[in-house]
Amino acid sequence: MKITFCCTGTKPEPWLEGLRSALPGSEVTVWQPGAPAADHAVVWAPPQQFFDEQSQLKGVFNIGAGVDALLKLCLPAQATLVRLDDAGMSVQMAEYVCHAVIRHFREFDAYEADIQTGAWTYRKPRERGEFPVGVMGLGVLGARVAQALAQFDFPVMGWSRSPKELAGVRCFAGAAQFNDFLASTRILVNLLPLTSETRDIMCLETLSRLQGGGYVINVARGAHLVDDDLLALLSSGHLSGAMLDVFRNEPLPAGNPFWQHPKITITPHTSARTLRDESIAQIAGKIRALEAGQTIVGVVDPIRGY
Ligand code: NAP
Ligand code: GLV
């Protein structure tokens, strides 16, 4: 069995070694233009030329959860496209979002600023019930995040395309319940996939529906958020702040107002990193299953977009 590796920005050697030892007898090589046809591909941000040449692929394994960039390309029609299914990302995402929510709720950012000036201050404890958190997207990552937040006794809401039942989470579904979800939410967490339905979903109209003093945590994709609308709502005071891990252009260009904005905290797309060993084990298991004609989880529906 031949496996081709085409992951932009990723050092290939440890992946090749890991895949070879997880799939003994397989031939695993880095793709070069003109390379021989392979059975399966492990990819991140490949060029269109890769799929034009490797048009016979049976499986395409993305080493991330989001497939928005891949779906902009023309993929071989018969290939099964598979996203990473957790592989150690959900716990990282739960850490990041719980940190962001708690930092905001407990005003740790303000304490940090006070300490910098040598001030020993106290703030009045705030009422947890006044900080309902709404999680958009209740998939592999969103469900774990919502349930982790519920452990801290925040009121937690969740919104997805299809109806869900999650312990400790008040679930809303579909376009018909979106406004009710937003109106019940003060801290908004975005864990949607980027699709034609969800692009620009955090805009003036939707963010204005959040409860006053709202806070935005975007950990999915930059194109979910209309940047100028966020800035306008921070200026008007309807929103009190934002923590952003993802941006329309990455790395965030120098001079972008998010860098210095006093109410915005940024991180460099690091909330849930791809973990190599977990990912290799998952991909190798799925390659074996596909080769044995078994069904696997994490298959992307290109029409749905995730
Ligand atoms: P997932 O398992 O596919 O879950 C997606 C969720 O979004 C599902 O609950 C789905 O609803 C819901 N959804 C999709 N379209 C919707 C719509 N139009 N209206 C309402 N709900 C909708 O994805 P995941 O693994 O949790 O990952 C989510 C995203 O996180 C990825 O696509 C990626 O962009 C981002 N991500 C970011 C990082 C980072 O480091 N910043 C790391 C990993 C992933 P149903 O359940 O009804 O299908
Ligand atoms: C990272 O952003 C991913 O989609 O895994």
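All values below come from the heavy atoms of this structure, side chains included, with hydrogens, waters and symmetry mates left out. For ligands, and for the atoms within them, numbers begin at 1 and follow the listed sequence.
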message = Test side chain to side chain donor-acceptor pair (under 3.5 Å) on Q49 and E53; report intermediate values, then the result.
response = CA-CA 6 Å; Q49 186 188 357; E53 292 189 12; 2.9 Å; yes
Can you pull every nitrogen or oxygen pair between ligand 1 and the protein closer than 3.5 angstrom?
from	atom 1	to	atom 2	distance (Å)
ligand 1	2 (O)	R83	NH1	3.4
ligand 1	2 (O)	V140	N	2.9
ligand 1	3 (O)	R83	NH1	3.3
ligand 1	9 (O)	L138	N	2.9
ligand 1	9 (O)	G139	N	3.0
ligand 1	11 (O)	R161	N	3.2
ligand 1	18 (N)	E197	OE1	2.9
ligand 1	21 (N)	R161	N	3.0
ligand 1	25 (O)	R83	NH2	2.5
ligand 1	26 (O)	V140	N	3.4
ligand 1	26 (O)	L141	N	2.9
ligand 1	34 (O)	R221	NH1	3.3
ligand 1	40 (O)	S271	OG	3.3
ligand 1	40 (O)	A272	N	3.2
ligand 1	40 (O)	A272	O	3.2
ligand 1	41 (N)	V219	O	2.9
ligand 1	41 (N)	D245	OD2	3.1
ligand 1	41 (N)	S271	OG	3.0
ligand 1	46 (O)	K164	NZ	2.6
ligand 1	47 (O)	R161	N	3.3
ligand 1	47 (O)	S162	N	2.6
ligand 1	47 (O)	S162	OG	2.5
ligand 1	47 (O)	K164	NZ	3.4
ligand 1	48 (O)	Y306	OH	2.6

task = Check whether any side-chain heavy atom of L225 sits under 4.5 Å from a side-chain heavy atom of L207, and report yes or no.
result = yes
request  = Report the residues that fulfil side chain to side chain contact (heavy atoms under 4.5 Å, CB included) with V140, sequence neighbours left out, ordered by chain and then residue number.
outcome  = R83, D85, D86
inquiry  = Taking the six-membered ring for Trp, are F152 and F105 closer than 6.0 Å centroid to centroid?
reply    = no
request  = Considering only NZ, NE, NH1 and NH2 on the basic side and carboxylate oxygens on the acidic side, decide whether E291 and K58 come within less than 4.0 Å.
outcome  = yes
request  = For residues 208-224, pull every pair meeting side chain to side chain donor-acceptor pair (under 3.5 Å), keeping only residues two or more places apart or in separate chains.
outcome  = D68-R221, N179-R209, N190-N218, N190-H224, T198-H224, E205-R209
query = Taking the six-membered ring where the residue is Trp, are the ring centres of F178 and W159 under 6.0 Å apart?
reply = yes
Every residue of the protein that comes under 4.0 Å of ligand 2, judged on heavy atoms = G64, A65, G66, M89, R221, H269
task = Report yes if the side chains of R304 and E197 come closer than 4.5 Å at any heavy-atom pair, otherwise no.
result = no
inquiry  = Other residues, nucleotides and ligands only: do more than 12 of their heavy atoms fall within 6.0 Å of CZ on R273?
reply    = no
